[in-house]
Amino acid sequence: MSITQSILEIVNRHAADAGASRVTQIRLVVGDFTGFVPDSIQFYFDLLSQGTLAEGAELVIERRPGQIRCQACGAVYEPSDGQLWICPVCHTLGGEVMAGKELYVDSIEVVKG
């Protein structure tokens, strides 16, 4: 809930700075490794946005897959959900997270006036 509240504060602040009368669409990027579930974000957004510039706005969530770089051989791979991070090339366990921790507001569409 606090993440959705933060997203909403960012959106409403930027919309107000732009002189918007309402927000029509918000595009979010959410990495697979954040642990945030789009349905939960949508649920809390619908609840928390009531009475704000963003009430009724379409929330578009783009998922970004997680990517791991093997520290043994350097191969970059996308682990499957619930699977251990095992390099498909050299079978080493673990690695460095290269992508999938993203969480940001990509764009906001507003109506001015």
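Index from 1, following the sequence. Computation of the quantities below employed the complete heavy-atom set of this structure, encompassing side-chain atoms and omitting hydrogens, waters and symmetry-equivalent molecules.
Listed by chain and number, the residues in a side-chain contact (heavy atoms from CB on, under 4.5 Å) with A72 are C70, C90, T92 (sequence neighbours excluded). Taking the salt bridge (Lys or Arg N to Asp or Glu O under 4.0 Å) definition, one finds that R64 meets it with E62, sequence neighbours left out. Shown here are the salt bridge (Lys or Arg N to Asp or Glu O under 4.0 Å) partners of E9, two or more places apart in sequence or in another chain: there are none. Take V97 and apply the side-chain contact (heavy atoms from CB on, under 4.5 Å) test, not counting sequence neighbours, and it matches F33, I68, W85, K101. Applying the salt bridge (Lys or Arg N to Asp or Glu O under 4.0 Å) test to R13 and every residue at least two apart in sequence or in another chain returns nothing. With sequence neighbours excluded, the residues that form a side-chain contact (heavy atoms from CB on, under 4.5 Å) with V105 are I7, I10, V11, I26, L28, I108. Contacts of E109 classified as side-chain hydrogen bond (donor to acceptor under 3.5 Å, both in side chains), with partners at least two apart in sequence or in another chain: none. Residues satisfying the side-chain contact (heavy atoms from CB on, under 4.5 Å) criterion with A99, sequence neighbours excluded, are Q67, E102.
Smallest separation of non-hydrogen atoms from P38 and F36: CD-O, 3.7 Å. In this structure, A15 and V23 approach most closely via the heavy-atom pair CB-CG2, 3.7 Å. Closest of all the heavy-atom pairs between E78 and G66 is CG-O, 3.3 Å. Residues L8 and L48 approach most closely at CD2-O, 3.2 Å, considering heavy atoms. What you find for A75 and V89 is that their closest heavy atoms are CB-CG2, 3.7 Å.
The hydrophobic cluster around Y104 extends to V29, counting ILVMFWY residues whose side-chain heavy atoms fall within less than 4.5 Å of a member. Grouping Ile, Leu, Val, Met, Phe, Trp and Tyr residues whose side-chain heavy atoms lie under 4.5 Å apart, directly or via other members, leaves M98 alone, with no other cluster members.
Summarising the geometry, atom CD1 belonging to I61 is positioned 9.5 Å from atom CG belonging to L103; distances are rounded to the nearest 0.5 Å. For the atom pair CD (Q5) and CG (L47), the distance works out to 10.0 Å, reported to the nearest 0.5 Å. Atoms CG and CZ, from L59 and F43 in turn, are 14.0 Å apart once rounded to the nearest 0.5 Å. With rounding to the nearest 0.5 angstrom, the OG1 atom of T24 is 11.5 Å from the CG atom of L53.
The side chain to side chain donor-acceptor pair (under 3.5 Å) contacts involving residues 25-36 comprise Q25-E58, D32-R63, where partners must be two or more places apart or lie in separate chains. For residues 39-51, the set of pairs meeting the side chain to side chain donor-acceptor pair (under 3.5 Å) definition, not counting sequence neighbours, comprises Q42-D46.
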